[in-house]
Student: 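Below is one structure. I have some questions about it.
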Amino acid sequence: MEPGTIDNLSILYQSSDFIVVNKHWDIRIDSKMWYETLTLQSQLRHRFPELADPDTYYGFRFCHQLDFSTSGALCVALNKAAAGRAYKCFKERLVTKAYLALVRGHVSQSRMTIRYAIGKNTTEGRTHMMCIDGTEGCENPKPCQSELIVLEHGSYSGDPVTKVLLQPLTGRTHQLRVHCSAIGHPIVGDFTYSLGQDSSPYRMMLHAYYLRIPTRGELIEVRAPDPFVPAMDGNWEPRHVTRRLEDTIQELK
């Protein structure tokens, strides 16, 4: 993908009540900073000025969040009633989310459940980060669970990496990034959780691939095209397929 611009917003799904976009990496959902003019909110206003809701601060009701560095499927409600229906699905844990990632090293287990509790990092210089229970400065850790399924082993720019499917079963900030780092397989290009070391890739390799929200009267089910294929990024060289992505998604459904 090319760098994000005001007019290259990718739409995955649209109805009278919802839009699902394929969020670009390194674009914030919204911002109160005057100098951050390129956000998902500004892209939506540019593309759909007639759909902006004057009753909201940002003009659009985002049903959930994606990190600045994460790409992929993000659902936007176009009115208050639709937002309420989506919120109910999230509250009742009816939503299915699955992410694709390239992680450092070759993950030996084909499947694992990661259960590290995650809290806020209070260490000086790291207050923008989260941390796992038991580490110094970790405040108010809460139970978390993520599922990891290995799809392919290969290399990125010559270094061993694994392509995985990640499913967050809880919703803590930076959960997948922290969990992958905690098991010794940080996400490729994650500048923050490599403490500034992993800075060569053009982006962090985490992508919200599959989203299913069974709202009352409307089933939202989308996939945001997989960016981690050699045709999109020649630095990624898959060498051994452990599990097909399509089979794994069907299992989740």
Student: Looking only at heavy atoms, what is the nearest atom pair of Pro141 and Asp133, with distance?
Tutor: CG-OD1, 3.5 Å

Student: Please check: side-chain N/O of Gln145 versus main-chain N/O of Ala117, any donor-acceptor pairing under 3.5 Å?
Tutor: no

Student: Is there a donor-acceptor pair closer than 3.5 Å between any side-chain N or O of Trp236 and the backbone N or O of Pro230?
Tutor: no

Student: Taking C-beta and beyond as the side chain, do Phe60 and Leu51 meet within less than 4.5 Å on heavy atoms?
Tutor: yes

Student: What distance separates His179 NE2 from Ile187 CD1, expressed to the nearest 0.5 Å?
Tutor: 11.5 Å

Student: Evaluate the side chain to side chain contact (heavy atoms under 4.5 Å, CB included) criterion for residues Leu148 and Leu165: first the C-alpha distance (whole Å), next the side-chain angles of each, then the deciding distance (0.1 Å), finally the verdict.
Tutor: CA-CA 6 Å; Leu148 180 151; Leu165 187 86; over 6 Å; no

Student: Side chains of Ile183 and Met112: does their closest heavy-atom pair fall under 4.5 Å?
Tutor: yes

Student: Centroid separation under 6.0 Å, is that true for the rings of Trp25 and Tyr202?
Tutor: yes

Student: With the side chain counted from C-beta on, respond yes when Thr123 and Glu139 share a heavy-atom pair under 4.5 Å apart, and no when they do not.
Tutor: no

Student: If I compare all heavy atoms of Ala73 with all of Leu66, which pair ends up nearest, and what's the gap?
Tutor: O-CD1, 3.8 Å

Student: Set out, in order, the CA-CA distance, both residues' side-chain angles and the distance that settles side chain to side chain donor-acceptor pair (under 3.5 Å) for Glu221 and Tyr210, then state yes or no.
Tutor: CA-CA 8 Å; Glu221 186 174 25; Tyr210 177 76; 2.5 Å; yes

Student: Before accepting this row, confirm whether a basic side-chain N of the pair Glu246/Arg223 lies closer than 4.0 Å to the acidic partner's carboxylate O.
Tutor: yes

Student: Does a side-chain N-to-carboxylate-O contact under 4.0 Å join Arg61 and Asp53?
Tutor: yes

Student: Hey, are Lys23 and Asp67 close enough for a salt bridge, meaning a charged N less than 4.0 Å from a carboxylate O?
Tutor: no

Student: Return the minimal non-hydrogen interatomic distance between Cys63 and Ala77, and the atom names on each side.
Tutor: SG-N, 3.7 Å

Student: Are Leu211 and Leu100 linked, directly or through other ILVMFWY residues, by side chains that come within less than 4.5 angstrom of each other?
Tutor: no

Student: Which heavy-atom pair separates Ala224 from Asn22 by the least distance, and what is that distance?
Tutor: CB-OD1, 3.6 Å

Student: With heavy-atom distances below 4.5 Å as the criterion, would you say the side chains of Phe228 and Pro238 are in contact?
Tutor: no

Student: For the OH atom of Tyr99 and the CG atom of Leu166, what is their distance to the nearest 0.5 Å?
Tutor: 9.5 Å

Student: Looking only at the aromatic ring of each residue, does the gap between the centers of His64 and Phe90 stay below 6.0 angstrom?
Tutor: yes

Student: Does the side chain of Asp159 pick up a donor-acceptor pair with the side chain of Ser157 at under 3.5 Å?
Tutor: no

Student: Are side-chain heavy atoms of Val150 and Gln109 found at a separation under 4.5 Å?
Tutor: no

Student: If you round to the nearest 0.5 Å, how far is SG of Cys144 from CZ of Arg172?
Tutor: 6.0 Å

Student: So, does Gln43 use its side chain to make a donor-acceptor pair with the main chain of Thr5 at under 3.5 Å?
Tutor: yes

Student: To the closest 0.5 Å, what do you measure between OG (Ser146) and CD (Gln167)?
Tutor: 9.0 Å

Student: Could you tell me if the side chain of Ile27 sits less than 4.5 Å from the side chain of Leu38, heavy atoms only?
Tutor: yes

Student: With no hydrogens and no angle check, do the side chains of Arg239 and Ser155 hold a donor and an acceptor under 3.5 Å apart?
Tutor: yes

Student: Considering only heavy atoms from C-beta outward, does the side chain of Leu44 approach that of Leu9 to under 4.5 Å?
Tutor: yes

Student: Is there a path of hydrophobic side-chain contacts, each under 4.5 Å between heavy atoms of I, L, V, M, F, W or Y residues, that connects Met205 with Leu195?
Tutor: yes

Student: Side chain to side chain contact (heavy atoms under 4.5 Å, CB included) between Ile213 and Cys75: does it pass, once the steps are laid out?
Tutor: CA-CA 9 Å; Ile213 309 176; Cys75 185; 3.9 Å; yes

Student: Taking atom CG of Asn235 and atom CG of Leu102, what is their separation to the nearest 0.5 Å?
Tutor: 10.5 Å

Student: Thr39 side chain to Ser42 main-chain N or O, any donor-acceptor pair under 3.5 Å?
Tutor: yes

Student: Do you know which two heavy atoms are closest between Ser16 and Leu78, and how far apart they sit?
Tutor: O-CD1, 3.8 Å

Student: For Pro214 versus Cys89, what's the shortest heavy-atom pair and its separation?
Tutor: O-SG, 3.4 Å

Student: What distance separates Ile220 CD1 from Ser15 OG, expressed to the nearest 0.5 Å?
Tutor: 6.5 Å

Student: Does the distance from a Lys or Arg side-chain N to an Asp or Glu carboxylate O, for Arg85 and Asp17, drop under 4.0 Å?
Tutor: yes

Student: If two hydrophobic side chains count as joined below 4.5 Å and joins carry through other members, does Leu12 share a cluster with Leu245?
Tutor: no

Student: Examine Arg177 relative to Tyr193 and say whether NZ or CZ is less than 6.0 Å from the centre of the six-membered ring and inside a 45° cone about the ring axis.
Tutor: no

Student: Answer yes or no: is there a donor N or O on one side and an acceptor on the other, between the side chain of His207 and the main chain of Pro225, under 3.5 Å?
Tutor: yes

Student: How far apart are the C-alpha atoms of Thr70 and Met204, what are their side-chain angles, what is the distance that settles it, and do they pass the side chain to side chain contact (heavy atoms under 4.5 Å, CB included) test?
Tutor: CA-CA 7 Å; Thr70 305; Met204 183 179 72; 3.5 Å; yes

Student: Can you check salt bridge (Lys or Arg N to Asp or Glu O under 4.0 Å) on Arg203 and Asp233, steps first, answer last?
Tutor: CA-CA 11 Å; Arg203 60 162 293 179; Asp233 186 351; over 6 Å; no

Student: Would you say the side chain of Phe62 lies within less than 4.5 Å of the side chain of Leu40, judging by non-hydrogen atoms?
Tutor: yes

Student: With a 3.5 Å distance limit and no angle check, can you tell me whether His46 reaches the backbone of Ile6 through a side-chain donor-acceptor pair?
Tutor: no

Student: According to a hydrophobic-cluster definition based on side-chain heavy atoms being under 4.5 Å apart (Ile, Leu, Val, Met, Phe, Trp, Tyr only), do Val76 and Phe18 belong together?
Tutor: no

Student: Less than 4.0 Å between a side-chain N and a carboxylate O, is that true for Arg126 and Glu136?
Tutor: no

Student: Take Phe68 and Asp26, measure what side chain to side chain contact (heavy atoms under 4.5 Å, CB included) needs, and give me the verdict at the end.
Tutor: CA-CA 5 Å; Phe68 167 69; Asp26 286 4; 3.8 Å; yes

Student: With a 4.0 Å cut-off, would you call Lys97 and Glu147 a salt bridge?
Tutor: no

Student: Hey, quick one: are Ile29 and Ile11 part of the same hydrophobic cluster, counting side-chain heavy atoms closer than 4.5 Å, chains of contacts allowed?
Tutor: yes

Student: Is the closest side-chain donor-acceptor distance between Thr162 and His106 under 3.5 Å?
Tutor: no

Student: Are Asp198 and Arg104 close enough for a salt bridge, meaning some N to O gap below 4.0 Å?
Tutor: yes

Student: Consider side-chain hydrogen bond (donor to acceptor under 3.5 Å, both in side chains). Of Thr242, Asp247, Thr248, which one does Arg244 pass it with?
Tutor: Asp247

Student: Assess the residue pair Glu251 and Arg111 against the criterion (salt bridge (Lys or Arg N to Asp or Glu O under 4.0 Å)); give the C-alpha distance rounded to whole Å, side-chain angles, the decisive distance to 0.1 Å, and a yes or no.
Tutor: CA-CA 13 Å; Glu251 208 177 83; Arg111 186 172 197 146; 2.8 Å; yes

Student: Fit a plane to each ring of His153 and His240, take the angle between them on a 0 to 90° scale, and name the class: parallel (under 30°), tilted (30 to 60°) or perpendicular (over 60°).
Tutor: parallel

